[in-house]
Protein chains: 2
Amino acid sequence: MNQPSDRSSIAATADPLPSWNDGRARQSIVDFVAMVTKPGSLHFVPMAERIALFDNDGTLWAEQPMVQAMFACDRIRHLAPQHPHWKTREPFASVLRGDEESALAGGEQALVEIAMASHAGTTTEDFARFVGAWIAAARHPNTGKLYTEMVYQPMLELLAYLRANGFKTFIVSAGGIEFMRVFSERVYGVPPEQVIGTSIRTKFEVRDGKPVLVRLPEINFIDDGEGKPVGIQMHIGRRPIAAFGNADGDLQMLQWTASGDGPRFCLYVHHTDADREWAYDRKSSSFGRLDKGLDEARAKGWTIVDMKNDWKTIFKF
Amino acid sequence: MNQPSDRSSIAATADPLPSWNDGRARQSIVDFVAMVTKPGSLHFVPMAERIALFDNDGTLWAEQPMVQAMFACDRIRHLAPQHPHWKTREPFASVLRGDEESALAGGEQALVEIAMASHAGTTTEDFARFVGAWIAAARHPNTGKLYTEMVYQPMLELLAYLRANGFKTFIVSAGGIEFMRVFSERVYGVPPEQVIGTSIRTKFEVRDGKPVLVRLPEINFIDDGEGKPVGIQMHIGRRPIAAFGNADGDLQMLQWTASGDGPRFCLYVHHTDADREWAYDRKSSSFGRLDKGLDEARAKGWTIVDMKNDWKTIFKF
């Protein structure tokens with residue numbers, strides 16, 4: 001144990017993906033990493049260009065229910081005393097009755113109203129504090145686990161495996177950029193500057209001699225679907241070589257990744273495990289719908305993870 | 001020479017800032033770095049939080065003339081055969097006559113017209129190719145040097161010194177994000193994902209089966225003045241601990257940096273050397289104006305680099 005060389009050789013030979021079953025999905029990942037990291041090989045990719053992107057909801061953690069919507073509803077209940085008229089006004093009235101499903105069923109207009117009332121009007125620092133306090137305590141309605149425990153163990157291993165091989169890992173999600181940044185480093189090892197997401201506008205102000213950024217009730221950028229390649233280029237400025245998603249909203253990100261020169265890797269997480277998680281794809285109406293993406297993945301030979309068969313463990317607990 | 005330990009001890013004791021004269025500016029930098037990197041010290045900053053920001057024009061390279069404006073005018077001359085009406089329409093007519101000063105004197109409207117005509121309408125990949133070819137060949141009108149040789153040697157040393165001490169270095173400039181990204185890694189060692197700048201909107205399209213991002217003639221974000229803290233938060237998501245600028249357009253970036261908790265470092269490069277570069281500050285009308293910033297730097301004890309006295313060498317040539 002006091003021989004450092006022994007320890008490092010143990011580390012090098014240990015399985016970096018212990019929660020993955022042997023199979024085509026696992027093998028395709030290991031083969032790709034070996035190919036792009038082998039010096040002198042035809043497909044070698046310099047470390048600076050090893051950019052790998054991960055969707056969040058449904059790819060890195062469970063998306064039933066939508067965690068950020070739960071935060072928004074809790075925040076609205078917290079703010080309700082200052083807004084007495086919410087009691088009689090939708091979608092707030094439903095939120096206050098605890099009927100989140102009805103509130104969120106009100107379509108995009110309702111969603112935007114809930115998002116703005118819960119996400120704007122504070123400074124960036126206060127907002128980060130609210131999210132931090134919430135995520136440290138809020139629990140999943142079915143499992144009773146913290147939401148940050150509802151992350152996929154095989155994907156945590158994959159993130160670490162890629163980083164150990166010189167990849168820079170980014171999150172590219174339709175979720176709120178400032179929401180995810182609060183826990184991305186602690187939970188995923190992804191620092192805030194490598195998180196790309198949906199945002200509202202902010203404004204610089206000096207309040208009592210102290211500079212602050214105030215969050216305005218206006219959408220700045222929607223990082224979903226065709227917005228994902230736009231957000232990727234804005235934040236990263238070069239084409240990624242690997243991308244991981246689970247829904248049709250990730251399709252353009254995967255297309256954008258796949259269409260660069262040289263070796264590329266695209267993977268869809270397919271929710272097939274009704275016993276250990278949820279089974280959904282083409283039938284899903286509201287989120288996580290994987291329909292076009294599944295067809296394109298099959299046509300183009302992208303990797304499809306069958307959660308039921310490819311993952312030995314889903315959650316750590 | 002075949003003793004690695006000897007080599008590293010030589011490297012460790014070599015002066016990391018050989019182009020800086022001894023003096024308060026140099027000392028303040030060295031003291032700050034020592035303070036935040038010393039494990040166990042009261043002011044120790046973990047590596048992940050060592051974020052340092054650099055303005056580009058006038059801070060990292062010479063801003064006379066504005067390099068990106070020179071690119072825009074050359075690009076307009078290149079595109080002119082496809083736009084015969086430009087011959088009689090300002091600001092294009094002035095550009096085509098080689099009278100860039102008159103063209104750019106037309107105020108913001110003229111600048112936006114020139115910027116859109118020269119920067120939009122292409123894919124992101126084609127635009128990067130145009131900039132790459134131009135910057136490899138275009139030369140400064142007075143010195144005859146490539147623009148990428150007109151970088152300040154002391155600042156290159158400072159960038160490398162900070163990185164050697166675990167800092168992550170970012171560029172935060174009013175210049176075009178996709179313009180700077182073409183050369184930032186080669187010239188400054190700053191990768192594209194660590195460049196923040198002004199941008200136009202882009203749109204995802206599939207052309208002949210190939211996904212592209214098309215650059216639209218619409219401003220997306222202006223990364224100047226009060227925009228800089230907004231851009232910093234959008235891209236990085238945490239407060240920087242050090243910021244380097246040269247003009248009033250950098251003031252809010254320095255205020256934002258200075259107002260966080262813990263040790264902070266702010267520095268203004270003051271253009272005082274009429275012989276080796278240019279001397280300008282409060283009198284400058286069009287760009288690089290340093291007026292309010294100079295007063296605030298003096299009032300708050302920020303570091304002011306007197307280029308004439310603090311820099312042994314300005315350019316490498």
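Naming convention: chains lettered A, B, ... in sequence-line order (proteins, then strands); numbering from 1 in each chain.
- Heavy atoms closer than 4.5 Å to chain B are found in both the backbone and the side chain of A/Ser259.
- Within the 4.5 angstrom heavy-atom criterion, only side-chain atoms of B/Arg239, from C-beta onward, approach chain A.
- Contacts of A/Lys228 with chain B are absent, with no heavy-atom separation under 4.5 Å from either backbone or side chain.
- Of the two parts of B/Thr202, the backbone and the side chain both hold a non-hydrogen atom closer than 4.5 Å to a non-hydrogen atom of chain A.
- Contacts between residues 117-128 of chain B and chain A, counted as heavy-atom pairs separated by less than 4.5 Å, involve B/Thr124, B/Glu125.
- Looking at B/Val195, there are no atoms closer than 4.5 Å to chain A (heavy atoms on both sides), in backbone or side chain.
- For A/Phe130 and A/Phe71, the distance between ring centers is not under 6.0 angstrom.
- Contact of A/Leu213 with chain B is made through backbone and side chain together, with heavy-atom distances under 4.5 Å.
- For the atom pair A/Leu53 CG and A/Ile236 CD1, the distance stands at 5.0 Å (nearest 0.5 Å).
- Looking at A/Gln233, the atoms closer than 4.5 Å to chain B (heavy atoms on both sides) sit in the backbone and in the side chain alike.
- No other option in B/Pro191, B/Pro211, B/Ala48, B/Gly227 has as many heavy-atom pairs under 4.5 Å with chain A as B/Pro211.
- With a threshold of 4.5 angstrom between heavy atoms, B/Ile196 does not approach chain A through any atom at all.
- For B/Glu178, the part lying near chain A is the side chain, with the backbone staying farther off; criterion is any non-hydrogen pair under 4.5 Å.
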